[in-house]
There are 2 protein chains.
Amino acid sequence: MKLPPANSLIAYEAAARHSSLTLASRELGVTHAAVSHQIRQLESWLGLELFRREGRGLALTEEGRALGETLTDCLRQIETRCRSLRRAHQPGALTIASLPSIASRWLIPSLPDFQAAHPDIAIRVVYAHARDTLADLDADLAIALKEAKDPGLTSRRLLSRINKPVASPHYLARSGALGSPSEIARATLLHDEDPLHWLNWCRKAGVQPAPSMTGPIFQDFNLLATAVIAGHGVALCPVDVFAREIAQGDLVVLSDISILEDEAYHLVMPSWLPAEARLFADWLIGVMKSAARS
Amino acid sequence: MKLPPANSLIAYEAAARHSSLTLASRELGVTHAAVSHQIRQLESWLGLELFRREGRGLALTEEGRALGETLTDCLRQIETRCRSLRRAHQPGALTIASLPSIASRWLIPSLPDFQAAHPDIAIRVVYAHARDTLADLDADLAIALKEAKDPGLTSRRLLSRINKPVASPHYLARSGALGSPSEIARATLLHDEDPLHWLNWCRKAGVQPAPSMTGPIFQDFNLLATAVIAGHGVALCPVDVFAREIAQGDLVVLSDISILEDEAYHLVMPSWLPAEARLFADWLIGVMKSAARS
DNA sequence: GCTTCATGTCAAAAAATCTAACAATTCAGA
DNA sequence: TCTGAATTGTTAGATTTTTTGACATGAAGC
């Protein structure tokens, strides 16, 4: 294998990603002069221009863009691998990043079972948001909405994200039965961060959204969950996530008209996993499977 | 992005690939001590052992193997990209590595058309063997038997490799018509490097291979081609490669019993191509397509 | 036209990498 | 069991590379 000087590749990758020597130098913790040198070195090794210097600011050439993409891809992959190895060495410590909904409804309640079976593995759970990637989170495993396409990462489907309107029996007792979409649309609608969800549902159900569309908006999904279980109104919830509450009659599904039926919750992890993490991943998938059966 | 020292990764990759510091140091053109240093550095950055030192020789730990694989993959990808960029800069010079059969039957005969349309692009054709990879060949494009699975490489199917028995009209005039498999099996069989091909064909046709199975063996496919056209005997040839000769009656297909019907010739290239190379690739695919139609 | 921001350049300083020589270990064969 | 060849480990010092800091240059915005 005959590669350009490795450090020049690192420097170039950062510079290409930022389209800026200054930002790259800041990221790398060196001066801009150092980055400039490294890039010169790479350019002279390749015998071509990677940037067009345009006074203030850099513009990537076509070749530069191509190289930058490859480098970003590959380095990110290497970074992911190094991270997971590094953590793997902390014996028996495991960090799981999870969307709040799955964390509070599935992960935390089931965790004691896992702990009982593997008391030597220390589990740490951190919140993840929909946009976070595994690398950002500094976690061994992530529960996310999107499958990872990055090579070096593997995804396993956990639960469907299919959303239907649900309410508590208490609320229904007060409001009267909500049989039809138009009755639902006139109820107190509880929103998560994205008010478009109810709007989409109404459109799909073919009903006019009522003025009360401007119901309470809950930043955290778990606040919404608490509110709907407490009987504050009707919420659009992923029914698989609330399978237990629905089975026990604490929540009632009001309609089979659904949104987000094509999305799903996924477990995202590096393709190579240390033993503890693999153990945990298999266990979690098992929990979800048996839950889906029941 | 937070990566270990880049040079230590390069050194480790080579050491892991060879399972040897000495071989790695030779590849990198440094002393073994230097490689040893780099690997120590990487190990201490990661906080784990990558090798178990076993007296003479190294044994990779599980973590070491995992990291080594990722690194080899990624670095190879980067190398391919750098190579193609480097060559891209040689203005208008294009190297095509081709299997001898395609080179002499399709590439060389069609090349004048391309040259006429693009007189400024200098084409260099080199021989490739079935086992060579694009990176080994130092070429912009390769015509090979296998699709490239390496990310960063793209493959396009060119021609089927389906092989059938063919002979020249002269030979048939001398030998009499060869209508049945058993008659073919008793003819003078011309072999390429792999005598198993005729054996497989006989098995498929349900006939006993004759003692004359020990016919002439031609190292280079083009020698075989010359021999069969000159009327020396019957050869198993990829009919698509000889489409022109067959259409003009210089070769006659003796049977529809075929071997290698699932294999194909492919054009293998980096996913990103300089303009000239892309031009050539599109042209070549066009030539093959129009040939297949006629 | 002046200021600001970003990159380019250079020599000197700092840091890293590498080498050379020797030690230690293993393996194969005498 | 001994010996020699092959391989890795270790160290201090030499070498090379990288980085810095200070200043220069050029473009965009006011």
Side-chain angles (χ1 to χ4, degrees), chain A residues 1-61 63-65 67-68 71 75 78 82, chain B residues 1-61 63-65 67-68 71 75 78 82:
Chain A
M1 266 199 230
K2 196 77 197 135
L3 285 164
N7 289 321
S8 70
L9 291 173
I10 307 281
Y12 174 70
E13 191 276 333
R17 187 153 32 82
H18 291 120
S19 277
S20 155
L21 293 191
T22 307
L23 293 182
S25 69
R26 221 164 278 163
E27 172 178 319
L28 299 170
V30 295
T31 58
H32 70 94
V35 176
S36 176
H37 275 313
Q38 294 287 358
I39 288 170
R40 295 286 159 163
Q41 189 183 14
L42 180 58
E43 286 183 324
S44 84
W45 192 92
L46 290 170
L48 53 81
E49 279 216 313
L50 263 8
F51 290 119
R52 245 165 303 115
R53 274 76 174 172
E54 296 189 335
R56 140 153 83 176
L58 301 174
L60 287 160
T61 60
E63 290 88 353
R65 204 188 38 72
L67 179 60
L71 286 174
L75 296 185
I78 292 171
C82 287
Chain B
M1 266 201 228
K2 195 77 196 135
L3 285 164
N7 289 321
S8 70
L9 291 173
I10 306 282
Y12 175 70
E13 191 276 334
R17 188 152 33 83
H18 291 120
S19 278
S20 157
L21 294 191
T22 307
L23 293 184
S25 69
R26 223 164 277 163
E27 172 178 320
L28 299 171
V30 295
T31 58
H32 70 95
V35 177
S36 176
H37 275 315
Q38 294 288 359
I39 289 171
R40 295 287 160 161
Q41 189 183 16
L42 181 57
E43 286 183 325
S44 85
W45 192 93
L46 290 169
L48 51 81
E49 278 215 314
L50 262 9
F51 291 120
R52 247 165 302 116
R53 274 76 174 172
E54 296 189 334
R56 140 152 84 175
L58 300 174
L60 287 160
T61 60
E63 291 88 354
R65 205 187 38 71
L67 179 60
L71 286 175
L75 296 186
I78 293 172
C82 287

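Note on naming: letters A, B, ... go to the chains in the order of the sequence lines (proteins, then strands), and numbering restarts at 1 for each one.
Put simply, NE2 on B:His32 is 8 Å from P on D:dT8, counting in whole angstrom units. Between the P atom of C:dA6 and the CG atom of A:Leu23 lies a distance of 7 Å, rounded to the nearest Å. In this structure, the NE2 atom of A:His37 is 15 Å from the P atom of C:dA13, given to the nearest Å. Between the C1' atom of D:dA6 and the CG atom of B:Leu58 lies a distance of 13 Å, rounded to the nearest Å. Computed from coordinates, the A:Leu42 CG to D:dT18 C1' distance equals 15 Å when rounded to whole Å. One can place CG of B:Leu21 at 14 Å from C1' of C:dA24, the figure rounded to the nearest angstrom. When rounded to the nearest whole Å, the span between NE2 of A:His18 and C1' of C:dT7 equals 17 Å. Following rounding to the nearest Å, B:Phe51 (CZ) and D:dT8 (P) show an atom-to-atom distance of 9 Å.
Taking the nucleotide of DNA chain D with the nearest heavy atom to each of B:Ser36 and A:Gly29, the more 5' of the two is matched to B:Ser36.
Which of C:dT9, D:dG9, D:dT19 sits closest to the side chain of B:Arg40 comes down to D:dG9. Taking only side-chain atoms of A:Thr22, from C-beta outward, the nucleotide of C:dT9, C:dA6, C:dT19 with the closest atom is C:dA6. For B:Ser20, whose side chain is taken as the heavy atoms from C-beta onward, the closest listed nucleotide among C:dC18, D:dT8, D:dT19 is D:dT8. The nucleotide whose nearest atom lies closest to any side-chain atom of A:Val30 is, among C:dT17, C:dT19, D:dT20, D:dT20. If you check C:dT19, D:dT20, D:dT18 against the side chain of A:Gln41, the one that comes closest is D:dT18.
Residues A:Leu48 and A:Leu50 form a side-chain contact, since some pair of their non-hydrogen atoms from C-beta on lies under 4.5 Å apart. Looking at A:Thr61 and A:Phe51, their side chains never come closer than 4.5 Å, going by heavy atoms from C-beta outward.
Exactly one residue among B:Arg40, B:Glu43, B:His37, B:Gln38 makes a side-chain contact (heavy atoms from CB on, under 4.5 Å) with B:Ser8. That residue is B:Gln38.
Taking CG of A:Leu28 as the start and CD of A:Glu13 as the end, the distance is 8.5 Å to the nearest 0.5 Å. Rounded to the nearest 0.5 angstrom, B:Leu71 CG and B:Tyr12 OH are separated by 7.5 Å.
At the phosphate of C:dC18, neither OP1 nor OP2 sits under 4.0 Å from any side-chain N or O atom of B:Thr31.
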